[in-house]
Amino acid sequence: YRQKEPIIHFILSTVVYPIRDIQGRLISGPLWKFIDGQGLDKFLHGHEVSQDWRRHGPTYRIWSGFVPEMWVKAHRPVILRRLSVLTRPEDVKSFYVDSAVHAKCTSSNGGWLFHQLLGNCMGLINGERWKRTRLEFNSYFINRAITEFSPQMEQDAAKYTQNLTEGSGHGVNLIHAGNISRFPFMTTAEHIYGPMTEKEKENLWLLGQRSLRLMGKVLSGGVYRFKVSQFLRPGTHQNLKKFDDEWTAFNEQVYNARKGRGQEPPFVHIWESLIKGKISKQELIQTMSEILFANLDVSTHVLGWLIIFVAQNTALQEELRREITNQSSDMVEFLSKKDSLLHFCYLESLRLRPFTVFTIPESSPMAKVLGGYRIPKNTSVVVDTLAINHNPEFWGDDSRDFNPYRFQNLSTKELISYKLRYNLFTFGFGSRKCLGQHFADVMIKQFLCKLLEGYKLTLPEMEIRKGTGEKSSMDTWVPISDLQVALCPIDSLL
Ligand code: HEM
């Protein structure tokens with residue numbers, strides 16, 4: 001098959017999906033690879049290929065299986081300068097003018113097994129189905145709902161961070177991403193399911209690990225793209241079925257337990273929408289998978305990198321501690337502020353380490369001209385977030401350094417409006433923004449506050465030598481760092 005790759009590439013590029021520029025030249029891009037195209041590389045080696053593929057020009061084509069994905073040169077002013085049309089932010093903005101009618105690509109072009117796990121989740125469905133599903137979850141992730149939940153979140157963060165050094169006396173303790181992942185996971189779960197018993201938490205954690213193992217199979221690609229893998233990989237298929245049944249049963253049990261006790265956490269209302277036929281079982285169950293299991297790696301990645309960056313700078317930690325101690329507003333108000341040093345650190349960490357190098361593919365129902373190429377309607381488009389977030393033309397020569405103070409000169413309006421909108425990827429560009437954005441903001445910043453209140457953070461010499469590059473892992477779809485951070489209890493320093 002390897003020998004036939006150039007022939008298949010030629011046929012796909014010139015006959016099946018030809019894309020040409022105004023002069024009729026074919027678009028460039030890496031060679032189609034048997035059998036996943038670039039569908040796996042963009043997750044597993046995102047960091048490296050992002051650099052490599054840019055040699056194909058500001059807009060090029062990659063393949064996810066047999067489906068073409070356009071990579072739009074992230075820093076749009078560069079593409080757009082060529083066209084001499086959209087060089088200003090407001091012009092760039094107009095590119096997304098139809099984002100409300102964009103469609104997320106079926107199962108993210110991820111193939112059959114991926115479809116079984118997440119093909120019907122909120123983030124990957126479209127139109128009326130998406131509206132109905134989003135409506136059922138939305139009210140639990142708006143500011144009011146988060147404010148109500150935040151005292152519990154604060155308590156949990158305090159307890160979790162205290163326990164990080166339990167058993168180590170007053171000595172220094174090393175932690176890595178794996179030590180913190182249960183916090184965002186359980187916090188999100190308890191926000192939706194209400195307070196959980198230890199047994200429920202353990203069952204949920206184990207289900208999460210099984211879901212991630214199945215995701216590992218998706219990331220091994222090949223036959224799992226096709227339905228025939230049911231017969232060729234019967235073991236995985238049985239695990240999938242078993243996982244699906246037990247995950248559904250878990251949710252049903254949680255509903256019955258809460259209902260039986262007369263409790264009404266968000267999940268009771270969401271499950272009742274299923275009973276009333278407002279959403280389907282698959283939409284509900286897979287959206288819960290998305291929120292909890294797919295997000296486990298996302299939240300761990302975001303929180304892990306924030307801690308690593310802050311650990312590298314003792315003076316910054318002191319300043320953060322002063323800000324936390326001196327803030328006079330209540331905690332949620334402080335955590336929701338967009339002009340605090342804490343927020344700038346969070347934003348800067350998201351900028352340097354966006355959770356995905358290539359965005360979730362989506363298409364427009366309108367034909368477009370991008371980077372000089374005529375892109376037919378309904379073509380999958382992804383954006384290279386590193387090319388945007390590290391672009392020196394916008395961020396300056398220190399674009400790869402952690403410098404939270406760079407945001408200080410922007411007004412609040414600039415921070416949330418057009419100036420950053422297409423120059424910083426965090427929670428999505430278009431109208432399909434992250435459901436949990438405000439929740440994640442508060443949760444992640446809350447954890448860091450408690451960590452800083454309790455500990456001085458440092459990055460040991462041996463970790464600094466490893467460098468703060470991204471790790472590529474075969475079993476996580478997000479490049480989670482394996483660096484260790486040393487925690488030294490503040491009490492022991494007094
Ligand atoms: C810091 C952590 C997080 C980051 C960086 C993040 C980022 C994102 C991004 C980039 C998208 C895709 C937007 C698009 O395709 O345009 C998304 C979608 C989504 N996120 Fe998050 N997310 C985070 C945490 C969470 C949490 C805690 C939840 C829990 C509720 C959540 C739930 C969702 C859902 C349900 C969607 C699909 C939304 C839709 O299509 O309507 N996320 N997230």
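When a ligand or atom number is given, it counts from 1 through the structure's own listing order. Residue numbers count from 1 along this sequence. Worth saying up front: this structure is predicted, and the values here are computed from it rather than measured.
Under the ring-ring contact (aromatic ring centres under 6.0 Å, His included) criterion, Tyr455 pairs with no residue, sequence neighbours left out. With sequence neighbours excluded, no residue satisfies salt bridge (Lys or Arg N to Asp or Glu O under 4.0 Å) with Glu136.
Looking from atom 14 (C) of ligand 1 to the surrounding protein, the closest heavy atom is Arg432 O, 3.1 Å. Remark: minimum distance from atom 12 (C) of ligand 1 to any protein heavy atom is reached at Ile360 CD1, 3.8 Å. Shortest contact from atom 36 (C) of ligand 1 to any protein heavy atom: Glu290 OE2, 3.7 Å. Counting only heavy atoms of the protein, atom 29 (C) of ligand 1 lies nearest to Ile291 CG2, 3.6 Å.
Judged purely by atom type and a 3.5 angstrom limit, Asn313 has no side-chain atom pairing as donor or acceptor with the backbone of Phe309. A donor-acceptor pair under 3.5 Å links the side-chain atoms of Arg54 to the main chain of Ser50, judged by distance alone.
The ligand atoms of ligand 1 that sit less than 4.0 angstrom from a heavy atom of Ile444 are 1 (C). Short contacts between ligand 1 and Phe425, defined as distances under 4.0 Å to a heavy atom of the residue, involve ligand atoms 10 (C). Distances below 4.0 Å separate heavy atoms of Lys433 from the following atoms of ligand 1: 38 (C).
Contact between Trp130 and ligand 1 is present, with at least one heavy atom of the residue lying under 4.0 Å from the ligand.
In terms of N/O distances under 3.5 Å, ligand 1 is approached by Lys104. Inclusion of Arg134 in the set of residues having an N or O under 3.5 Å from an N or O of ligand 1 is warranted.
Residues Gln484 and His176 bring no donor and acceptor atom of their side chains to less than 3.5 Å of each other.
With a 4.0 Å cut-off on non-hydrogen atoms, Phe141 touches ligand 1 through its side chain and not its backbone. Counting heavy atoms under 4.0 Å from ligand 1, residue Thr426 touches it through the backbone alone.
Using a cutoff of 4.0 Å between basic side-chain nitrogens and carboxylate oxygens, Asp441 and Lys338 are scored as salt-bridged. Under 4.0 Å is where a charged nitrogen must lie from a carboxylate oxygen, and between Glu198 and Lys201 at least one such pair does.
The aromatic ring centres of Phe358 and Trp53 sit less than 6.0 Å apart.
Partner of Phe267 under the ring pair (Phe, Tyr, Trp, His ring centres under 6.0 Å) criterion, chosen from Phe137, Tyr193, Tyr140: Tyr193.
Sorted by first then second residue, the salt bridge (charged side-chain N to carboxylate O under 4.0 Å, His left out) pairs that include residues 106-115, not counting sequence neighbours, number zero.
Note on atom 21 (Fe) of ligand 1: protein N/O/S atoms under 2.8 Å are Cys434 SG.
Using cut-offs of 30° and 60° on the angle between ring planes, the pair Phe293 and Phe185 is parallel. Using a 30° and 60° split on the angle between ring planes, Tyr60 and His56 fall in the tilted class, from 30° to 60°.
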